[in-house]
Structure formats: C-alpha cells, structure tokens
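To start, the structure under review is shown below, and the notes come after it.
Chain naming here is simple, since letters A, B, ... match the order of the sequence lines and numbering starts at 1 in each.
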Amino acid sequence: MLKCIARRLVLMIVVVLGVTMMTFSIMHLAPGDPAEMIAIAKYGMEDLTQEDIERIRKAEGLDAPVYVQYAKWLSHTARGDFGRSLITGEPVLEEIWYRFPATLKLALAAMMVSLFIAVPVGIISALRQYSLIDYLSMTGALIGVCMPNFWLGLLLILLFSVYLGLFPVCGYGGLRHIVLPALTLGTGMAAIVTRLTRSSMLEVLKQDYITTARAKGLSEKKIITDHALKNAFIPVITVIGLQFGHLLEGTVIVETIFAWPGVGKLLVDSIFARDFALIQGCVLIFAVIFVIVNLLVDISYVYLDPKIRYEKEH
Amino acid sequence: MNGAVVRARPHTYLLTRLNRNKAAVIGLGIILLLAFVAVFAPFLAPHHPYEQNPEQALLPPHPEYPCGTDDLGRCIFSRIIFGTRISLEIGIMVTAITACVGVVMGLIAGYYGRLVDEIIMRLVDILLAFPGLVLALAIAGLLGPGLFNVMLALAVVGWMGYARVVRGAVLAVKEKEFIESAKALGATDFYILTRHILPNVIAPVIVMATLGIGYVVLAAAALSFLGLGVQPPTPVWGAMLNSGKAFMRTAPHLTVFPGLAIMITVLAFNFLGDGLRDILDPRLNEREIE
C-alpha cells in the first residue's frame, strides 16, 4: 500500500513536470513575442520603442533558450514563486489562491446536486427495472450525458433567469447565484452516476448473498439497506472521485458562462490576454488537483473494498 | 476470447446484430442524415450562410427562415446546415488521427514490451492524468484560433485511450499459437503486427472511435463556444451559441437551435457506439452465449 502511494506520488511529480513542460514549450512555439506583449502591457502601444522591448526581454530572461527559462521557472515555482501576472502585475499564486475558493465552492455544490439527483433515481430505477420511472430516468440520463454543458447553462439562464426571473443571470454572491452554475455543472455527472448506481445495484441484487438474505426471510427493506446498498456503492464512489476531476474541467466553461470568478474563468481570461505566467500557473494548479484527487480515489478503494490489495502490482 | 466475434461471414453477422439494436439503428440513421446534409449543404440550405440582411435581423423562426435569423440577418437554419460540415470534419479527422496514433503506439508498446512499452505507457499515464479539455484549451488558446490548431489541440489530448486499450489487447493475443507459428514461418514483425495482431485488436478501437467522434464534436464545440475555435464568419455551432448569448432576451432561438444540432450529433454517435460495443465487446458476447 505504502509502496503504491509512493509510486503514485512519483508519477504525480512526473505528470506535473510533463504537463508544465508541454505548456511551456507551446507558449514558446506560439505566435507573438512575449517580450513585446509585456512591453505593451507596461508602456502602452504608443510610446513603445524597440529598446524597451529588448530591455524587457533581458530583464525577464526571455532571451535565454527555452530549457533555461523552463529550469528557471521550475526552480522559482518549487519555492512557491509562480511569477507575476503580465497584465495585472500581481503574484500569480495570489491571484489563483484568491479565485480558488469560488471554484471549489462551485465544484462541491455541483457534486452535491448531482448526488442528490443521481443516487435516489439510480436506486429506484434498479428496484423498478423496466418500469416507467426506469425508462424516464434512463432517457434523462442519456440526454444528460450528451448535453453540452455550455448549452445547458444557456438554456437554464433562459428559463430560470430570463423567463421566470427566479435566479440571477450571472455573478457571484449568495445561494441564489450558485444554483444555476451548480445545476449546469452537476447534470453531466448526475447522468453518469445515475446510470452507474442503477447498473451496480442491478448487479448486486443478482448475487447469491441477496438470495440467501431473502431465503432467511429478511424484509426487502433490510435486504436493500443492509446488504445491497453497501456493496453497490463501491463502484459508485470510485466514479464520483474520478468525476470530480472532470467537474474541475467543466468549471472552465461553466464559470465563463456565469461570470463566476474562479480559477476556470481566470484560465480562459489569461489565455485571451496571453498572460503566460498566469496560464502556466492555472494549468499547474489544475494538474496538481487532478492528480491528487485521483490518488485519493485509489486510496479510498482499498478501504472500501477489502478484496483489493495493492501488493500484487501488475 | 475473441472466438465469439469471428464468424463465417462477419459482415452479415454484424449487420444483423446491429439491426436488432434499435438505438444503434437510430444513431446510424442520424449519422447518415448528417453526412448527407454535410455533403449537399449548398443544395439544402435555403440561404447562403454568409448572406446578411440587416432589415431582417433577429427574426423568430418562420417559413422563410425556419430557425430565425441572427443579429446580422443571416439565416440560422442555413448556418446550422453548413456548420454540420465543420463539425463532422473536425470530429472525423481528429478521431482518425488520434485512433491511428493510438493504435500504432499501442501495437508497438504491447508487441515490443520492455523499455519501449515503459516509455510509451508512462507518456500515456501522464497525459491521461490530466484534464484533457484544460490542456486542449491551453494549446488551442496559445496557438491561436483556426481549424488546424483546434484539431491539433484535440488530437494531442485524444490518442491515449486507444493506445492503452490496444496494448492490452496485444498482450492478450501475443502469446497465442498462431503468432508463434507465423514467427516460425519467418514472418516479419510488420507482417505479424498488421496481418495477425491488428485484426484481432481492432474491435474495441472501432467502438472507441465511434464514441470518440461524438466526444470530439462536443469538445470542439466547447472550444469554439469559448471563442478559441474556427473564427467567424464561418458557420460553427459553438461560436453561433456564443454570439447568440448577447441576444438571449430578444432572440432566444439563437441559443436553442445550434445547441440542439450539437446534442443530436453527439447523441447519434453515442447511440451507434453503445450499440457497436454491445455487439463487438467479447466479454458481453460471452455472457450472452452462456
């Protein structure tokens, strides 16, 4: 187990290195001169001279080869210095840190929304297989999977904000602000978890120990709550964990639609502003969170299912 | 293991099985319709997709303009029809590239094993351990807007799944007797890989690629919705939604129809992909045969 975690931690470092290396090299292959862009941000378009640009190129170390720049960036980052945003001049880490709670809040709210929908619906569908409820919920889940979240977001705004006036169109604030973004973000996950809860529950209900429990004369309610649910939830929890990573990915789009001031919107804004330090910082943060969540999921496996042991690594 | 898939006449077998799966037939039907629309777009569209008509801006749907008009008075229906071309083009091209790269990588990793395997699979691990859309977004954003850059960004983040599945399948087939005998007869690695191993590992790739087209269409639409895809005035579904956002109060049809087109396309590929999986997945087949 410990060996496995150590292995995963090493992989995590490799992932983060790999991803940042990739974005770093793309930034340098990308059209546009970063030195010139910083100069424009600093001095404006009009009084810009070639000397200014060259001076900034030297000062920012942009004249060095890419790998030297990357090594420098890495050593700074390792010490917690992510550089400064080219546009605002604020430290990148502070900007991200400031935005992070909003993203986390949104992702957690979306997860709660999806679980509140998915788990009961999935269980009921499994218990009433081939009933009208089952067909309706499975059709809903199918649509939920194929529904582009950016479209869903717009439709929800159209219905609940424009026509019914129940929730604000966008922005950050109280509970009323989070409802639509959380619904938008949570629907895709709800669809997947509903399907999985249903199929996992169906699978478990076919097992011998359920038949045994029935033969013993246990009440159906007890069979479901004590025997079936516990076992049916193992795959569900795994997927919830894996989906959390995808929720974070979805925040990029949902935050943009609802002008939600989180890291996702920060990433999109920084891409449009070509704010290299900020892009790199956001990508790094996404990578780290994604890998940590995956690691936690894997660890939680072992505790949930005693049958899984990591000694026998493939 | 693959015995269930191989029959006397596999193609007829596949079609009969597919025919029995209603969702797959519907999916295939929609896909064929979309392909038809894409090919014959100029004949099907009632208006030219770029034709502006300021006096007729933001009209709701009516017989002349079945999906209404946008802020420049362009026919939404015609733009959606032409948008099918780009969506399918990106979906099919990117999936073809990612599937080819993934299959080749998977074949090499699984067949040669050892260091090559280790290197390729660690690369796969790295890329799979990262949210693909974020990376695609960063790549597309940094390279700048345009069809090629979108396709490149989506291709970079899309090939790993194929490689992993193919590698697993290769490992399962590699030790079989018919590979041994081919080797004994002096067949080259290339011959064995293409003639003996590839046909045996291709089924899951077909399923993945079908589902993959749907995913790519969705991801491309997301990128263009964010303003990073193919640029206006080219008719692209995602970008149409994005520009419709500003007129949500006065012209909601700008928000409704392009999204519907995206969803139907994704749904169709999911239907067909799921159907193909039911037919081609050996595990499911075995269960059925029992």
Side-chain angles (χ1 to χ4, degrees), chain A residues 8 11-12 14-19 21-23 26-32 142-143 145-155 157-159 161-163 169 245-253 256-257 264 267-268 270-272 274 276 279-280 282-283 285-287 289-291 294-295, chain B residues 23 122-123 125-144 149 152-153 156-157 171 214-215 217-219 221-228 237-238 241-242 244-245 248-250 252 254-256 258-271 274:
Chain A
R8 293 296 301 263
L11 178 66
M12 184 170 137
V14 178
V15 166
V16 170
L17 283 179
V19 167
M21 226 184 269
M22 199 155 159
T23 38
I26 293 165
M27 278 182 205
H28 287 268
L29 291 174
L142 184 69
I143 293 173
V145 169
C146 298
M147 187 96 168
N149 55 7
F150 47 92
W151 189 43
L152 178 66
L154 295 178
L155 291 182
I157 294 177
L158 204 56
L159 179 63
S161 308
V162 176
Y163 289 134
V169 172
H246 289 284
L247 276 189
L248 286 173
E249 186 176 80
T251 58
V252 174
I253 288 167
T256 308
I257 299 173
L267 173 64
V268 174
S270 63
I271 284 174
F272 278 107
R274 306 191 75 79
F276 289 153
I279 298 174
Q280 187 72 277
C282 290
V283 170
I285 289 296
F286 271 104
I289 298 173
F290 208 71
V291 178
N294 280 347
L295 179 65
Chain B
R122 286 302 83 79
L123 187 64
D125 283 343
I126 291 175
L127 284 169
L128 276 181
F130 190 76
L133 189 65
V134 173
L135 194 58
L137 186 75
I139 296 174
L142 289 169
L143 293 179
N149 290 344
L152 184 67
V156 170
V157 301
L171 290 181
Y215 176 76
V217 169
L218 193 61
L223 290 182
S224 77
F225 175 76
L226 291 173
L228 290 169
W237 296 340
L241 273 181
N242 189 21
K245 220 167 44 174
M248 212 138 63
R249 277 174 207 279
T250 45
L254 293 184
T255 307
V256 174
L260 203 58
I262 299 169
M263 195 175 92
I264 290 173
T265 310
V266 178
L267 200 69
F269 282 102
N270 267 3
F271 272 162
D274 281 345

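Heavy atoms of V16(A) lying under 4.5 Å from chain B are absent altogether. For I257(A), the part lying under 4.5 angstrom from a heavy atom of chain B is the side chain only. Heavy-atom distances place no part of F269(B) under 4.5 Å from chain A, backbone and side chain included. Both the backbone and the side chain of L226(B) come within less than 4.5 Å of a heavy atom in chain A.
Between L218(B) and C146(A) the shortest heavy-atom distance is CD1-O, 4.4 Å. Contact record, M22(A) with V156(B): CE-CG1, 3.7 Å, taken as the closest heavy-atom pair.
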Please output the side-chain donor-acceptor pairs of residues 147-154 of chain A that fall under 3.5 Å, not counting sequence neighbours, one pair per line with the distance.
residue: W151(A); atom: NE1; partner: T255(B); partner atom: O; Å: 2.8
residue: W151(A); atom: NE1; partner: V256(B); partner atom: O; Å: 3.4

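Counting heavy atoms from C-beta on, the side chains of I271(A) and L137(B) come closer than 4.5 Å. Looking at F290(A) and V134(B), their side chains never come closer than 4.5 Å, going by heavy atoms from C-beta outward.
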**OP:** With side chain to side chain contact (heavy atoms under 4.5 Å, CB included) as the test, would you mind laying out the steps for I253(A) and L133(B) before giving the verdict?
**Re:** CA-CA 10 Å; I253(A) 288 167; L133(B) 189 65; 3.7 Å; yes

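When each of D125(B), L260(B), L128(B), I139(B) is checked for heavy-atom pairs under 4.5 Å with chain A, L260(B) comes out on top. Comparing L155(A), T256(A), L142(A), I279(A) by how many heavy-atom pairs each has under 4.5 Å with chain B, the most go to L142(A).
Here the side chain of R249(B) pairs no donor or acceptor atom with the backbone of V162(A) at under 3.5 angstrom.
A distance of 8.0 Å separates NZ in K245(B) from CD1 in I157(A), rounded to the nearest 0.5 Å.
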